[in-house]
*Asks:* 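I have a structure I would like to understand better, so I am pasting it below and will then ask my questions one at a time.
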Number of protein chains: 2
Amino acid sequence: MNLKDLKYIITVAETRHFGKAAARCFVSQPTLSGQIKKLEQQLGITLFERTNRSVEVTAIGEQIIQLARQAIDQTEAIEQLALAHQDPLAGPLRIGAIPTLSPYLMPLILMPLRRRHPQLKLVLSEEMTDTLLARLHNHEIDAALLATPVDEDGLESVTLFNEPFWLAHPRQHWFYNRETISRDDLDNTDMLLLSEGHCLAKQAMDICHLSERQQQGDMADLRASSLETLLQLVGAGFGSTLVPALALRGSWTTDSGVIARKLELDDAYRQVSIVFRQTFPRQKALQAFAQVIMDNLPNTVQAVKN
Amino acid sequence: MNLKDLKYIITVAETRHFGKAAARCFVSQPTLSGQIKKLEQQLGITLFERTNRSVEVTAIGEQIIQLARQAIDQTEAIEQLALAHQDPLAGPLRIGAIPTLSPYLMPLILMPLRRRHPQLKLVLSEEMTDTLLARLHNHEIDAALLATPVDEDGLESVTLFNEPFWLAHPRQHWFYNRETISRDDLDNTDMLLLSEGHCLAKQAMDICHLSERQQQGDMADLRASSLETLLQLVGAGFGSTLVPALALRGSWTTDSGVIARKLELDDAYRQVSIVFRQTFPRQKALQAFAQVIMDNLPNTVQAVKN
DNA sequence: CTTAAGCGATAGACAATACCTATTATAAAT
DNA sequence: ATTTATAATAGGTATTGTCTATCGCTTAAG
């Protein structure tokens with residue numbers, strides 16, 4: 001059986017005329033006759049009762065043609081669906097981002113994205129780097145926004161921007177009187193960190209020259225599960241911390257006893273990149289998404305030219 | 001697009017493995033790969049995201065494969081339906097019969113038919129010869145049981161049996177004392193007839209040598225619309241009539257003042273035949289139906305050997 | 001009564017394409 | 001480093017869908 005054959009019998013049933021049906025199917029009449037004969041033999045039944053003068057559909061033919069119509073409808077639905085999704089921007093894009101980035105970046109780009117690519121729908125998830133990479137491999141998400149370099153098999157990574165770390169310290173802290181903060185200053189203060197698994201925790205440790213062991217001994221009980229909590233702790237005077245620039249766009253500096261200051265250190269930034277499977281077929285959609293991000297960054301962070 | 005292609009992508013979606021899918025489809029792996037590539041190009045979308053190590057279905061692929069499954073289901077339903085009807089006896093057979101035959105013949109054969117061919121369902125209709133022939137041409141019925149020879153284009157006719165005409169007369173009639181009834185006797189009595197259109201009316205007139213005109217003058221007001229009515233009239237003494245043998249199988253002789261007697265005339269019978277379109281594809285079913293009729297006739301009528 | 005026109009079926013040649021074998025390229029496992 | 005497993009590619013073969021030309025038949029017209 002064949003989809004063309006089904007179209008043929010449907011058309012014959014409609015026209016009750018082999019010649020006209022053939023013309024409507026853009027084939028010759030012998031072709032149509034032959035294909036229908038073949039189909040009838042394959043099915044073992046007669047679909048049309050024909051004389052030189054008339055063509056009538058048999059009872060069983062009526063039933064079969066009804067089913068054939070449904071089958072053709074399904075295939076046309078397939079073509080419609082495919083056509084609607086030929087635009088790689090169309091349809092949902094499943095994006096995961098790390099928790100120290102997502103709540104600060106997404107508000108910046110969602111509106112511009114909708115304006116620029118209204119047909120592109122996002123499905124967002126917020127998880128830590130390892131989980132995101134696993135979900136990427138499992139095809140559960142299409143891309144991940146990470147702040148750590150990735151070099152895994154089958155994954156590709158495009159850097160979007162460099163996000164500086166700022167120092168957040170309590171107002172009462174002796175930092176308050178310093179003109180600039182040096183790395184030595186950072187080494188000699190109480191640094192609060194995010195709980196384990198957050199890449200930001202490890203990066204902060206690297207910059208402040210803290211070792212894992214040191215950390216465990218000192219303030220394991222003061223690791224926070226979110227940046228918001230962390231800043232609350234800073235405001236309460238428990239210590240200082242490094243904060244990615246985008247996270248400071250809120251009202252932290254003004255009210256709640258937290259002072260945020262730029263760091264004049266070469267390596268006090270993180271590289272935010274979008275990571276996806278090399279085989280992902282809708283990379284154009286990711287490209288568009290990335291472009292919207294880079295076009296809508298505040299001037300505290302600098303987009304990377306690729 | 002092609003039904004085979006749809007089967008291919010369904011199988012790949014199930015196995016997530018081109019080689020295994022190819023084996024299950026009984027084709028080589030390159031064939032499967034090529035066909036799927038072709039389909040993806042035709043649809044303009046990627047159905048599977050594949051590496052050397054894994055095959056995963058894309059989001060749009062999932063949707064399309066779901067539709068493909070439905071389409072394949074429809075075609076399998078077509079094959080099932082065709083298979084179920086490959087037995088030409090299967091499915092309903094639309095039979096029309098004339099009113100002077102149907103109510104007397106059908107009770108004789110319905111039970112034997114069900115015993116012999118339980119899968120053969122009858123759809124009966126009861127109309128006069130002309131109507132039946134028209135419906136036959138219109139494909140509204142598949143065969144007609146008639147008592148008149150038919151020689152129309154595209155129709156074929158098989159004689160089933162010869163049904164003798166019996167004479168039905170009132171008990172008080174002078175026929176009652178006669179040993180045998182001759183044709184002259186018939187000419188000289190009041191013959192009651194069925195209303196126009198019934199072939200039995202014309203046949204009775206032929207046998208009794210009545211002309212149309214004669215009939216109109218005499219007893220146009222006494223034509224009956226059914227055999228039952230006609231016999232009621234006979235019982236009431238309004239005249240005599242010719243009755244086909246099968247119609248006398250009831251209890252007419254015993255009670256209601258009607259005497260039925262065989263006629264010893266060469267031409268006092270009618271030929272009952274089954275008529276159908278030459279192109280009708282289920283002639284085997286008609287053959288079976290006809291055989292059941294001939295096997296279950298009472299000994300008052302004689303089957304015709306073909 | 002002959003001729004012409006319309007219709008579906010048939011025959012044979014051709015061309016598109018589905019299919020196969022053999023091979024390549026690449027990644028994972030030993 | 002070698003082997004194994006996988007999908008992709010290349011090139012040749014075979015199937016089969018399609019075409020043109022024609023037949024056989026029926027109906028309509030001259």
Side-chain angles (χ1 to χ4, degrees), chain A residues 1-43 46-58 61 137 139 151-156 277-281, chain B residues 1-43 46-58 61 137 139 151-156 277-281:
Chain A
M1 198 179 341
N2 209 324
L3 285 175
K4 269 188 186 170
D5 298 342
L6 297 186
K7 279 184 188 146
Y8 292 161
I9 64 175
I10 289 170
T11 314
V12 169
E14 281 170 2
T15 60
R16 293 184 143 71
H17 191 289
F18 275 63
K20 286 172 190 165
R24 201 188 285 184
C25 293
F26 305 107
V27 294
S28 69
Q29 171 264 316
T31 297
L32 189 100
S33 288
Q35 291 301 96
I36 287 181
K37 184 179 179 183
K38 180 208 67 179
L39 181 61
E40 284 181 328
Q41 283 175 351
Q42 283 175 354
L43 293 179
T46 305
L47 298 172
F48 302 105
E49 209 181 313
R50 37 221 197 255
T51 67
N52 280 351
R53 234 42 217 170
S54 70
V55 175
E56 289 294 329
V57 188
T58 62
H137 281 298
H139 293 244
D151 184 24
E152 289 195 35
D153 277 339
L155 295 188
E156 204 170 319
R277 296 182 299 277
Q278 287 168 344
T279 53
F280 182 62
Chain B
M1 200 181 336
N2 208 326
L3 285 175
K4 269 187 187 172
D5 299 342
L6 298 186
K7 280 185 187 145
Y8 291 162
I9 64 174
I10 290 170
T11 313
V12 170
E14 282 170 1
T15 60
R16 294 186 142 74
H17 192 290
F18 275 62
K20 286 172 190 165
R24 202 189 285 184
C25 293
F26 305 107
V27 295
S28 69
Q29 171 265 316
T31 296
L32 189 98
S33 287
Q35 291 302 98
I36 287 181
K37 185 179 180 183
K38 181 210 65 182
L39 181 62
E40 285 182 328
Q41 283 174 353
Q42 284 175 353
L43 293 179
T46 304
L47 298 172
F48 302 105
E49 208 182 312
R50 36 216 196 261
T51 68
N52 280 351
R53 232 48 213 170
S54 70
V55 175
E56 289 295 327
V57 188
T58 63
H137 281 297
H139 293 243
D151 186 22
E152 289 195 36
D153 277 339
L155 295 188
E156 202 170 321
R277 296 181 299 278
Q278 285 169 345
T279 54
F280 182 62

*Asks:* According to a strict under-4.0 Å criterion, is B:Lys37 in side-chain N/O contact with OP1 or OP2 of D:dA7?
*Replies:* no
*Asks:* Start at the 5' end of DNA chain D and walk down; is the nucleotide closest to A:Phe26 or to B:Gly34 reached first?
*Replies:* B:Gly34
*Asks:* Using only atom types and a distance under 3.5 Å, with no angle test, would you say the side chain of A:Glu40 pairs donor to acceptor with the backbone of A:Phe48?
*Replies:* yes
*Asks:* Provide, to the nearest angstrom, the distance between the CD1 atom belonging to A:Ile36 and the C1' atom belonging to C:dG8.
*Replies:* 11 Å
*Asks:* Check the distance between D:dC19's P and A:Gln35's CD and give it to me in whole angstrom.
*Replies:* 10 Å
*Asks:* Provide, to the nearest angstrom, the distance between the CD atom belonging to A:Glu49 and the C1' atom belonging to C:dG8.
*Replies:* 15 Å
*Asks:* So does A:Lys20 get a side-chain nitrogen or oxygen closer than 4.0 Å to the phosphate oxygens (OP1/OP2) of C:dC7?
*Replies:* no
*Asks:* When we call it a touch if two heavy atoms are under 4.0 Å apart, what does A:Phe48 touch: a base, just sugar-phosphate, or nothing?
*Replies:* nothing
*Asks:* Answer yes or no: does a side-chain N or O of B:Arg50 lie under 4.0 Å from OP1 or OP2 of D:dA8?
*Replies:* yes
*Asks:* For B:Thr51, report the nucleic acid contact type (base, sugar-phosphate, nothing); a contact means any heavy atom under 4.0 Å.
*Replies:* sugar-phosphate
*Asks:* Tell me what A:Arg53 touches on the nucleic acid: a base, only sugar-phosphate, or nothing, going by heavy atoms under 4.0 Å.
*Replies:* base
*Asks:* Closest approach to the side chain of A:Ser28, judged atom by atom: which nucleotide of C:dC7, C:dA28, D:dT20 is it?
*Replies:* D:dT20
*Asks:* So what does A:Gln29 touch, heavy atoms closer than 4.0 Å: a base, only the sugar-phosphate, or nothing?
*Replies:* base
*Asks:* Does the pair A:Glu49/B:Arg277 count as a salt bridge with the N-to-O cut at 4.0 Å?
*Replies:* yes
*Asks:* Check for a donor-acceptor pair, side chain of A:Thr279 on one end and backbone N or O of B:Arg50 on the other, with a separation under 3.5 Å.
*Replies:* no
*Asks:* Does a nitrogen or oxygen in the side chain of B:Lys38 sit under 4.0 Å from OP1 or OP2 of C:dA18?
*Replies:* yes
*Asks:* If the cut-off is 4.0 Å, is B:His17 near the phosphate of D:dA5, judged by side-chain N/O to OP1 or OP2?
*Replies:* no
*Asks:* Rounded to the nearest Å, what distance is computed from the NZ atom of residue A:Lys4 to the C1' atom of nucleotide D:dT16?
*Replies:* 11 Å
*Asks:* Using atom CD of A:Glu40 as one end and atom P of C:dG8 as the other, report the distance to the nearest whole Å.
*Replies:* 13 Å
*Asks:* Is the shortest side-chain N/O distance from A:Thr31 to OP1 or OP2 of D:dC19 below 4.0 Å?
*Replies:* yes
*Asks:* Rounded to the nearest 0.5 Å, how far apart are NE2 of B:His137 and OG of A:Ser54?
*Replies:* 10.5 Å
*Asks:* Over all strands shown, is A:Asp153 touching base, sugar-phosphate only, or nothing at heavy-atom distances under 4.0 angstrom?
*Replies:* sugar-phosphate
*Asks:* Return the value, rounded to whole Å, for the distance between atom CG of A:Leu39 and atom P of C:dA9.
*Replies:* 14 Å
*Asks:* Closest nucleotide of DNA chain C for B:Asn2 versus for A:Gln278: which of these residues is on the 5' side?
*Replies:* B:Asn2
*Asks:* Between B:Leu47 (CG) and D:dA7 (C1'), how many Å, whole number?
*Replies:* 16 Å
*Asks:* What integer distance in Å separates B:Gln41:CD from C:dA18:P?
*Replies:* 12 Å
*Asks:* Any idea which of D:dA10, C:dA18, C:dA9 is nearest the A:Ser33 side chain?
*Replies:* C:dA9
*Asks:* Between A:Asp153 and B:Arg53, does any side-chain N to carboxylate O distance fall below 4.0 Å?
*Replies:* no
*Asks:* Is there a donor on the side chain of B:Asn52 or the base of C:dT26 sitting less than 3.5 Å from an acceptor on the other?
*Replies:* yes
*Asks:* So which atom in A:Leu32 and which in A:Phe18 form the shortest heavy-atom distance, rounded to 0.1 Å?
*Replies:* CD2-O, 3.4 Å
